[in-house]
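Just so you know, these numbers come straight off a predicted model, no measurement behind them. Each chain gets a letter, A, B and so on, in the order the sequences are listed, and its residues count up from 1.
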Amino acid sequence: MEYLTVHSPILIVAVPLLAAFITPLISRIGNKFRDTVNVSLLSFVTFLIVILTIDIYANGTRVYTLGASVPELALPENYMVPVRIMFQVDGISIFMGLTTTVVALAALVYSLQFVKNETGQDRFYSLFMLLYVGMIGLEFTGDMFNLFVFLEILSIAGAGLASYRVNMADAVEGGFKYIIISAVSALFVLFAIGILYSEYNLLSIAALAHSMQFTTLDLIALALLAIAFVMKLAGVPLHMWAPDTYAVAPAGITPMIYTSSAASMYALYRVTFTLYGGHFDTTAIGWVVIILGVLSMFIGVMMAIHQTDIKRLMAYHAISQSGYMLLGVGVGLAVLTDPVALANYGRDAMNGGIFHIINNALYKGMLFLTAEAIFFRIGTRDLNKMGGLGHNMKWTTIFFIIGALAISGIPPFNGFASKLLIYESVFRFNPLLSIIAMFVSLVTLASFTKVFYSAFTGPEMPAFKEVREVPRSMLIGMGIMVACIIFFSIFPGLVVDTIVAPATDALIDQASYINGVMGAVP
Amino acid sequence: MSVLTYGYAVWSPIVWLVVLLVLAAIVLYVRSRGQKRYKKGTAQTDIFISGIQVPPAEQRHVPAHNIYWGFFEALKGFYNTMMRPHTGIINDYILWLVAVMVVTVLVLVMVI
Amino acid sequence: MMQYIPYNIPFIAVALLMGVALFIILFKRNLIKIIMGIAILGAGVNLFLVTLGYRAGGVAPIYTVAPEGVMVLPVPQALTLTNIVITVSVIALMLTMVMFTYRHMGDIDAKKSRLLRG
Amino acid sequence: MRQVVAWFVLITLVAFLLAGALLIHPFGYPPSDMDDYMIANSQAETANNNVVAAVLFDYRGLDTLGEATVLFTAVTGVLLLFRALKKREKKT
Amino acid sequence: MLSKIVRTISNQLILFILVFGLYIIMHGHVTPGGGFQGGAVIASGVVMMIVAFGSSEIKKSLRERHLSVVESSGALIFIGMAFAGMGTIFFYNFLVGTPVFGGIPPTGPNPGNVWTGGVIPLMNLGVGLKVIAGLSAVVLAMALFSSGEEIEE
């Protein structure tokens, strides 16, 4: 147990990686065996992440230096700079890790039945695990270049999976767009990393933050990094790839790609708060983030209500909900150097934004799964051709209603809790932003009413008389998420106090992140 | 534990659930006072529109593109402007990326 | 600042290389050419990384029968190696997708072979 | 319209990159704390003559694992796309 | 399929390419080179064979599923070496000082010794296998696809 606790940061990354590597070998034995191995390994990882979470909330930031003789030995003996790659897991990292793992587990269980009749299953599971590895590594790493490598793993696995239904022309197109924008933005990230390396000859995030000088080159690097990550998280006006890719990705993968956007959002926060926080006046970059957030909210939802493709509609909602997260945390970023405002409302705004990440991963992922359940049974994504599905797909309907109410911020669901935090605190910062946020919530409800009306209600269509409820494993996958949504709805105070507030503190408290590596160095 | 408190406001889902339960109880009570003669599967459940022939299911259902028709008609100018950047061409996506990058560099270098 | 210009020619070359790559990506509609642009962009970044590590008069950082002299920095070389492999992998996947696009749409013009928009 | 914006963006970005090329450290004289440690200690710590190999597989081993994983991912993705679609086509 | 001259010369040349690639892989810790570079050399040899003989001919002796297995085993060797260090820490170079590849070279320039480097030569071998199989599989799949053949599962 002690051993597992010490080594859990790397095991959480390495075990799914091992699963991805052995999947092509063990699928020779049988499909059942392969599914069992994958699910049990992911459950083991979930267990590890729970252990690590408890440990981190008890003992603070964890540093794990790869290849050193002691895990905590980030700096070589008698030397001032970190040389090896290290994992640095603090509150926000483990928060994102929990989000990712819950979504991945639900999506994997959901996929078991979904891909049963398809070819190329072993490669599907292999890429699924690699996508998970990419996200979790991105969240845990404490090294800039390593972050880039995991970003690439995530992008390539995501693009390959988005084109999984390769006999559909639009699937290939969606995957192609995703890989192109990922490649270009990743190259810009690498270029920015090169600029930072050229100035400080360092790659560790903590050490870079420790010696940051805020020269012009650093600002160029900040702009390149921030905008590349905004592209990956699909903030307006860099969002156009997201509906294309989310719409065509197969079930179980859309929530994963969506969560990988959340991982890019984590990278954005990590860069702006930890790498460039401190003595640098973050008001300007905070306002850039706020403006991107407001644009994402508004344009995302206005485009969403116009769509007639159910998954494109939900993809635009994903963009619009990302806007809330950007808004909440952007307000915190804009007032980061003002302790009074930060204590008054900045911290609450950030709590709201970060709480919204996990809420949104849950209900947005669940809505994507219900959309894909409809596609699984009737073979179309066009809302115009649907109708009366509520007669035959009762569980899917109930799950959809819960998700739609939660995403629209209807009390008592968890979406309301996080949106309330954002409204109240952003109102103190700038009332106009808060009003826009409320209006967006209203339009969200309107557009989900549209989906609900045209897909589930109405008379039973003769064409869909034979439609049955989706298989059990798909229901279990959705059920895991619904259980989490209901838990989060009933205990928002508990969730915010135990996992969200430490994440916010970890973002604000740059010094403890640096001290985790630089230790006693003055 | 389920109450979310922060500085200037409080949110408790339990209160809401209690209110919803009370409302549900009232609704059920009112419903139980109603007529008991309603039966499923008889002529009582058939649709009746003043004796006109009932159209088939496909025609009774309003398809998605007709919902909020007036809203889209009123905002036609906005949607036409909105549709123009959404070309679906990959070059334009990269152009947006580079343009926003340049603007951000300008903002950061000029402001700070 | 001005005295650096003769020494900084590699960095200027990096800027121009990235400019060429972005020109291709922004202006060419052919999907294969866009992929070429990304390859050149990757090459520009690789050149940037590897020039970062150069030390004047340095030798390769390998001790086997090494000549006398300072050694150039090893980390940028490792990073460049990593990025080369990553770029190759990405391009392999992209080309695969272009092959399928051509099979489905009969065209590799970015303007003509699109179904998803709006 | 699009052409003008694109040219403007391109020229501005290249101008920024050129400015960066002048602001960066002089070519051939980089700061080198981390790398000096590796050059000095790689033989003792990793028993290895090739410092680049020591960086790749020891000091920054996870990067190389990640890079190998990227290659694995790409190959898996390519083979996933090129798989036979017979079963699926029969179904639809 | 190309002419008989090309095929004959390719048949002779592939041996040299294999030996040279293996040399680069196994001397990665002493001289410039390593798993990726050597693997790319051998994979380019495979590409040469595909060009000379045609993909359908090569397919008879080189199946995707076999390449997939080789690739997975290469990856497993690599990550296994990293896991083997778990007694101390992930990626710990546990072979330094042992008889297997454990010799420690003298500090400063020296003639070089293959029996050094700890786990690095073994990791190079794993990466090499992976690169050979991966790149060959990609090129073979592309060649088969463009010649209109279906690839078996």
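With a threshold of 4.5 angstrom between heavy atoms, E/Pro106 approaches chain D through N, CA, C or O but not through any side-chain atom. Neither the backbone nor the side chain of E/Pro109 has a heavy atom closer than 4.5 Å to any heavy atom of chain D. Neither the backbone nor the side chain of E/Val119 comes within contact range of chain D; no heavy atoms are under 4.5 Å apart. Contacts of E/Phe36 with chain D are made by side-chain atoms alone, with heavy-atom separations under 4.5 Å and no backbone atom involved.
A pairwise comparison of heavy atoms in E/Gly112 and D/Asn49 identifies CA-ND2, 3.3 Å as the closest pair. Minimum heavy-atom separation, D/Asn50 to E/Gly28: ND2-O, 3.0 Å.
Residues of residues 53-61 of chain D lying under 4.5 angstrom from chain E, judged on non-hydrogen atoms, are D/Ala53, D/Ala54, D/Phe57, D/Asp58, D/Gly61 in numerical order. Heavy-atom neighbours of chain E within the stretch residues 33-47 of chain D, taken at a separation under 4.5 angstrom, comprise D/Gln43, D/Glu45, D/Thr46, D/Ala47.
Here the straight-line distance linking atom CZ of E/Phe90 with atom CG of D/Leu65 works out to 6.0 Å at 0.5 Å rounding.
Ranked by heavy-atom pairs under 4.5 Å with chain D, the list E/Met81, E/His29, E/Met123 is led by E/His29. Looking only at heavy-atom pairs under 4.5 Å with chain E, the residue among D/Val78, D/Leu62, D/Val52 that has the most is D/Leu62. Comparing E/Gly108, E/Gly33, E/Gly102 by heavy-atom pairs within less than 4.5 Å of chain D, the highest count is held by E/Gly108. Between chain D and the residues E/Leu135, E/Thr31, E/Asn110, the largest count of heavy-atom pairs under 4.5 Å involves E/Asn110.
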